[in-house]
Amino acid sequence: MEMDSNETQPTVVVSSPPGRISLRPMTLSDVDDYMVWATDAEVARFCSWEPCTSREEAIKYITDSVLTHPWLRAICLEDDRPIGYILIMPVDNIRKEIGYVLARKYWGKGFATEAVRLVTAEIFKEMPEIERLEALVDVDNVGSQRVLEKVGFTREGVMRNYIIMKGSVRDMVMFSFLPSDPFK
């Protein structure tokens, strides 16, 4: 389902089979949990944004960018507290890009892999026009590359000098998942 920026996100909550995580729209009341990862320079290292420096800045970001985003979900543990988020961004009419961020405390525990697997499995049903789900990952972000590989994304190659990130020209690895691709 396509949404324009004036619509609110559906309140559908999706859970992983073992129930370790669930996905739901973020709300302004998530600001304190958001601050955990948004203020961490190591978390922000491969993101387009700089670390958040105040609660007011976080509230503004959530209000202006998160709540208005057409497809962004909080990655929550069993207690419904967000530990990160995952989003789908339009590329064109048949391609979307997936992105995700997770609080450092939860790295290496399989939560990002579960979230990517959940979204990848559902997004082709929710948006049947999608022919290709893409992910662009910094060449030095080995953990994120591993997440995509574990789900079954195909590593297509390195896009040399592809993007300027925080003042530096960076190489990016292109990954893709098609509706006909098997999950690992």
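Each residue takes its place number in the sequence, starting with 1. Every heavy atom of this structure was used, including side-chain atoms; hydrogens, water molecules and symmetry mates were not. Everything quoted here is computed from the prediction, not taken from an experiment.
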Rounded at 0.5 Å granularity, tell me how far [atom1] in [X] sits from [atom2] in [Y].
X      : Y      : atom1 : atom2 : answer
Arg81  : Asp32  : CZ    : CG    : 8.0 Å
Asp80  : Ser22  : CG    : OG    : 5.5 Å
Ile86  : Ile98  : CD1   : CD1   : 4.0 Å
Glu126 : Lys96  : CD    : NZ    : 10.5 Å
Asp181 : Thr120 : CG    : OG1   : 10.0 Å
Ile94  : Leu133 : CD1   : CG    : 12.5 Å

- Short side-chain to backbone donor-acceptor contact, Arg146 and Asn141, under 3.5 Å: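 Not at all, since once roles are kept as given, no pair shorter than 3.5 Å links the two residues.
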
- Message: Donor-acceptor check, side chain of Arg117 to backbone of Lys150, threshold 3.5 angstrom: yes or no?
- Response: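 Looks like yes, one N/O pair under 3.5 Å.
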
- Query: Would you find more than 12 non-hydrogen atoms of other residues, nucleotides or ligands less than 6.0 Å from Ile164 atom CD1?
  - Reply: no

- Please say whether more than 12 non-hydrogen atoms of neighbouring residues, nucleotides or ligands are located less than 6.0 Å from CZ in Arg155. yes

- Message: Among residues at least two apart in sequence or on other chains, which ones pass salt bridge (Lys or Arg N to Asp or Glu O under 4.0 Å) with Lys60?
- Response: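 So Lys60 forms a salt bridge (Lys or Arg N to Asp or Glu O under 4.0 Å) with Asp64.
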
- Results of salt bridge (Lys or Arg N to Asp or Glu O under 4.0 Å) for Asp140 - residues two or more places apart only: Arg170

- Note: Glu114-Arg20 ion pair, threshold 4.0 Å (strictly below):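 A salt bridge links Glu114 with Arg20.
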
Treat each ILVMFWY residue as a node, draw an edge where side-chain heavy atoms are under 4.5 Å apart, and state whether [X] and [Y] are in one component.
X      : Y      : answer
Ile88  : Val66  : yes
Val116 : Phe183 : yes
Met26  : Leu28  : yes
Val101 : Val31  : yes
Met174 : Ile163 : yes

What are the two closest heavy atoms between [X] and [Y], and how far apart are they?
X      : Y      : answer
Ala112 : Leu102 : N-CD2, 3.8 Å
Gly152 : Lys184 : CA-CG, 3.8 Å
Val142 : Val139 : CG2-O, 4.5 Å

- Task: Please collect all side-chain hydrogen bond (donor to acceptor under 3.5 Å, both in side chains) contacts where either partner lies in residues 34-50, sequence neighbours excluded, each pair once.
- Result: Asp40-Arg104

- Item | Ile59 and Tyr61: CA distance, side-chain angles, deciding distance, side chain to side chain contact (heavy atoms under 4.5 Å, CB included) verdict | CA-CA 5 Å; Ile59 289 169; Tyr61 181 78; over 6 Å; no

- Residue pair Leu23 / Tyr85, side-chain heavy-atom distance below 4.5 Å: no

- Task: Could you give me the CA-CA distance, side-chain angles and deciding distance for Arg95 and Glu134, then say whether salt bridge (Lys or Arg N to Asp or Glu O under 4.0 Å) is met?
- Result: CA-CA 7 Å; Arg95 294 182 300 145; Glu134 298 176 345; 3.0 Å; yes

With sequence neighbours excluded, residues passing side chain to side chain contact (heavy atoms under 4.5 Å, CB included) with [X]:
X      : answer
Thr53  : Glu57
Glu97  : Met89, Val91, Leu136
Ser176 : Arg132, Thr154, Glu156
Pro51  : Ala41, Ala44

- Go through the steps to decide whether Phe124 and Leu178 satisfy the test side chain to side chain contact (heavy atoms under 4.5 Å, CB included), and finish with yes or no. CA-CA 9 Å; Phe124 292 108; Leu178 306 180; 5.8 Å; no

- Note on the structure: Apart from Val36 itself, members of its ILVMFWY cluster (side-chain separation under 4.5 Å) are none

- Decide side chain to side chain contact (heavy atoms under 4.5 Å, CB included) for Leu87 and His69; before the verdict, give the C-alpha distance in whole Å, the side-chain angles of both, and the deciding distance to 0.1 Å. CA-CA 9 Å; Leu87 54 83; His69 195 283; 4.0 Å; yes

- Item | Worked verdict on Asp138 versus Met172 for side chain to side chain contact (heavy atoms under 4.5 Å, CB included) | CA-CA 4 Å; Asp138 191 287; Met172 302 294 280; 4.2 Å; yes

- With sequence neighbours excluded, what pairs up with Tyr162 under the ring-ring contact (aromatic ring centres under 6.0 Å, His included) test? none

- Partner set under ring-ring contact (aromatic ring centres under 6.0 Å, His included) for Phe46, not counting sequence neighbours: none

- Item | Pair listing, ring pair (Phe, Tyr, Trp, His ring centres under 6.0 Å) test, anchored in residues 88-112, at least two apart |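 Ring pair (Phe, Tyr, Trp, His ring centres under 6.0 Å) check on residues 88-112 returns Tyr106-Phe111.
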
- Pairs where residues 135-155 contributes a residue and the test ring pair (Phe, Tyr, Trp, His ring centres under 6.0 Å) is met, not counting sequence neighbours: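 Ring pair (Phe, Tyr, Trp, His ring centres under 6.0 Å) check on residues 135-155 returns Phe153-Phe177.
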
